[in-house]
Amino acid sequence: MNHPLIQHKLSIIRDKNTGTNEFREVVNEIANLMAFEVTRDMPLKDVKVETPMGIANVQKLAGKKVAVVPILRAGIGMVDGILSLIPSARVGHIGMYRDEKTFEPHEYFVKLPSDIEDREVLVVDPMLATGGSAIMAIDALKKRGAKNIKFVCLVAAPEGVKALEKAHPDIDIYAAALDEKLDDGYIVPGLGDAGDRLFGTK
Ligand code: PRP
Ligand code: URA
């Protein structure tokens, strides 16, 4: 996404000298700006409202229900930024970790709104590297009935985009930046380990 504010904020979180506090804040700010773009196709309905001066024919959101589903841990860092734009959204969680040697994802937790099949689902995770975690998270969502899914990340590797498009061709992918490549499972130039930078672990 080429918006100048998004690109500026990405430069801050890519910087290795940015501390945990600012990193967390700016990740949420980028997620907030991305939510604006991701919700661009939300359906509207025609309604009339009475202004102090008369009747206005206006449009309101048609009431489509949304679920934000972060992939743990790092996806949590994007949730508040999205909820500040879509406060009525429900939040599901999918726990996933990558094996440190093979980079294979492992699912450890799934808790979703009970009406997930009726909701537009925004799966959020800052990083799309090999694509393994995103593919498995979307498998888990589809298995539980979710039909209308978008994947929203900050930094994507070409390898991850290709793998996700192949596994789930029906999913729209939104990325703030498409980087050069993967190196030993990490995105280059990327921003390092998003979970560690968000939560101050290492
Ligand atoms: C990171 C990141 C993604 C995943 C991306 O999570 O947040 O979920 O790696 O990599 P992939 O596309 O190759 O699957 P990690 O497994 O490090 O867990 P964490 O969020 O708990 O740090
Ligand atoms: N997960 C991260 O947090 N960073 C990467 O570069 C790749 C996967």
Side-chain angles (χ1 to χ4, degrees), residues 9-31 34 38 67-82 91-112 121-143 146 149-169 171-202:
K9 289 174 192 297
L10 268 176
S11 78
I12 297 172
I13 58 170
R14 284 184 189 277
D15 188 334
K16 67 177 183 182
N17 295 313
T18 298
T20 301
N21 210 354
E22 190 180 9
F23 188 90
R24 199 182 290 140
E25 201 175 293
V26 178
V27 164
N28 264 316
E29 289 172 1
I30 299 174
M34 290 184 81
V38 170
V68 182
V69 179
I71 301 178
L72 308 181
R73 289 175 302 166
I76 290 175
M78 297 172 68
V79 172
D80 286 347
I82 294 184
V91 182
H93 293 86
I94 298 186
M96 206 75 82
Y97 71 89
R98 294 198 312 170
D99 182 282
E100 283 181 6
K101 290 200 177 68
T102 64
F103 307 118
E104 282 292 310
H106 296 270
E107 179 186 303
Y108 61 86
F109 184 75
V110 180
K111 181 75 183 173
L112 302 172
V121 181
L122 306 180
V123 180
V124 300
D125 190 327
M127 310 305 278
L128 179 64
T130 66
S133 305
I135 291 169
M136 197 178 263
I138 293 167
D139 285 342
L141 278 159
K142 287 184 173 174
K143 202 169 92 187
I149 305 171
K150 292 175 175 171
F151 182 78
V152 187
C153 64
L154 304 189
V155 183
E159 294 89 333
V161 173
K162 202 169 157 200
L164 181 53
E165 281 176 344
K166 183 157 183 250
H168 295 292
I171 303 299
D172 284 332
I173 305 171
Y174 296 81
L178 180 62
D179 273 15
E180 209 177 295
K181 60 177 180 184
L182 280 182
D183 183 9
D184 204 17
Y186 276 81
I187 301 176
V188 179
L191 49 76
D193 188 307
D196 283 344
R197 296 200 63 192
L198 272 166
F199 298 112
T201 47
K202 188 109 184 117

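As a basis for the values below, the full set of heavy atoms in this structure was taken, side chains included, without hydrogen atoms, waters or symmetry mates. For ligands, and for the atoms within them, numbers begin at 1 and follow the listed sequence. Note that the structure is predicted; figures quoted are calculated from it, not measured.
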Undergrad: Ala129 heavy atoms, cut-off 4.0 Å: which ligand 2 atoms fall inside?
TA: 7 (C), 8 (C)
Undergrad: How many angstroms lie between atom CD1 of Ile135 and atom CZ of Phe151, to the nearest 0.5 angstrom?
TA: 9.5 Å
Undergrad: Between atom CE of Met127 and atom OH of Tyr186, what is the distance when rounded to the nearest 0.5 Å?
TA: 9.0 Å
Undergrad: Which of the numbered atoms in ligand 1 are under 4.0 angstrom from any heavy atom belonging to Gly195?
TA: 22 (O)
Undergrad: For ligand 1, which is the ligand I care about here, please tell me if Gly185 has any N or O atom under 3.5 Å from one of the ligand's N or O atoms.
TA: no
Undergrad: If you measure every N or O of Gly185 against every N or O of ligand 2, does any of those distances drop under 3.5 Å?
TA: no
Undergrad: In ligand 1, which numbered atoms sit nearer than 4.0 Å to a non-hydrogen atom of Tyr97?
TA: 16 (O)
Undergrad: Is the shortest N/O to N/O distance between Ala194 and ligand 2 below 3.5 Å?
TA: yes
Undergrad: Can you tell me which residue and heavy atom of the protein come closest to atom 5 (C) of ligand 1, and the distance to 0.1 Å?
TA: Met127 O, 3.6 Å
Undergrad: With heavy-atom distances below 4.5 Å as the criterion, would you say the side chains of Arg73 and Asp196 are in contact?
TA: yes
Undergrad: Is there a donor-acceptor contact under 3.5 Å from the side chain of Arg197 to the main chain of Thr20?
TA: no
Undergrad: Taking distance alone, with N or O pairs closer than 3.5 Å, would you say Arg73 contacts ligand 1?
TA: yes
Undergrad: Look only at the side chain of Arg14 and the backbone of Leu191, and say whether a donor-acceptor pair between them is shorter than 3.5 Å.
TA: no
Undergrad: Look at atom 21 (O) of ligand 1 and say whether a protein heavy atom is found at less than 4.0 angstrom from it.
TA: yes
Undergrad: Counting non-hydrogen protein atoms only, what is the nearest one to atom 17 (O) of ligand 1? Give residue, atom name and distance.
TA: Asp193 OD2, 4.1 Å
Undergrad: At what distance is the nearest protein heavy atom to atom 5 (C) of ligand 2, and which residue and atom is it?
TA: Tyr186 CD2, 3.4 Å
Undergrad: If you compare all heavy atoms of Gly81 against all heavy atoms of Asn28, which two are closest, and at what distance to 0.1 Å?
TA: N-OD1, 2.8 Å
Undergrad: Quick check for you: to the nearest 0.5 Å, what is the distance between His93 atom NE2 and Phe109 atom CZ?
TA: 7.5 Å
Undergrad: Quick one: which of His106, Met96, Arg98, Arg197 has a heavy atom closest to atom 9 (O) of ligand 1?
TA: Arg98
Undergrad: Could you identify the single nearest non-hydrogen protein atom to atom 6 (O) of ligand 2 and state the distance to 0.1 Å?
TA: Ile187 N, 2.8 Å
Undergrad: If you count the atoms of ligand 1 from 1 in the order shown, which ones are under 4.0 Å from a heavy atom of Gly131?
TA: 11 (P), 12 (O), 13 (O)
Undergrad: In the protein, what heavy atom is nearest to atom 14 (O) of ligand 1, and what distance, to one decimal place, separates them?
TA: Ser133 OG, 2.6 Å
Undergrad: Which ligand 1 atoms are under 4.0 Å away from a heavy-atom of Leu72?
TA: 20 (O)
Undergrad: Strictly inside 4.0 angstrom of atom 1 (C) of ligand 1, do you find any protein heavy atom?
TA: no
Undergrad: Where's the contact between Asp196 and ligand 1, heavy-atom distance under 4.0 Å: side chain, backbone, both or neither?
TA: neither
Undergrad: If we count only N and O atoms by modelled type, under 3.5 Å, do the side chains of Thr130 and Arg98 hold a donor and an acceptor together?
TA: no
Undergrad: If you define the side chain from C-beta out and look only at heavy atoms, does anything of Leu72 sit under 4.5 Å from Tyr108?
TA: yes
Undergrad: Please confirm whether Phe103 approaches ligand 1 to less than 4.0 Å, judged on its heavy atoms.
TA: no
Undergrad: Is a side-chain donor or acceptor of Lys9 paired with a backbone partner of Glu29 at a separation under 3.5 angstrom?
TA: no
Undergrad: Roughly how far, to the nearest 0.5 Å, is CD1 of Ile173 from CG of Leu164?
TA: 4.0 Å
Undergrad: So for Pro126, does at least one of its heavy atoms come nearer than 4.0 angstrom to any atom of ligand 1?
TA: no
Undergrad: Quick check: Gly195 and ligand 2, any N/O pair under 3.5 Å apart?
TA: no
Undergrad: Once you round to the nearest 0.5 Å, how far does CG of Asp172 lie from CD of Glu165?
TA: 9.5 Å
Undergrad: Within the structure provided, determine whether Ile82 and Leu122 are in side-chain contact (heavy-atom separation under 4.5 Å).
TA: yes
Undergrad: With a 4.5 Å limit on heavy-atom distance, are the side chains of Val123 and Ile94 in contact?
TA: no
Undergrad: May I ask you to identify the nearest protein heavy atom to atom 13 (O) of ligand 1, giving residue, atom name and distance to one decimal place in Å?
TA: Thr130 OG1, 2.6 Å
Undergrad: Examine Ala134 against ligand 1 and note whether any of their N/O atoms are separated by less than 3.5 Å.
TA: no
Undergrad: Quick one: pull up CD1 in Ile30 and CD1 in Ile13 and give me the separation to the nearest 0.5 Å.
TA: 3.5 Å
Undergrad: Considering only the protein, which heavy-atom contact is closest to atom 3 (C) of ligand 1, and what is its distance?
TA: Asp125 OD2, 3.0 Å
Undergrad: Around atom 8 (C) of ligand 2, find the nearest protein heavy atom and jot down its residue, atom name and distance.
TA: Arg98 NH2, 3.4 Å
Undergrad: What protein heavy atom lies closest to atom 4 (N) of ligand 2? Include the residue and the distance to one decimal.
TA: Gly192 O, 2.8 Å
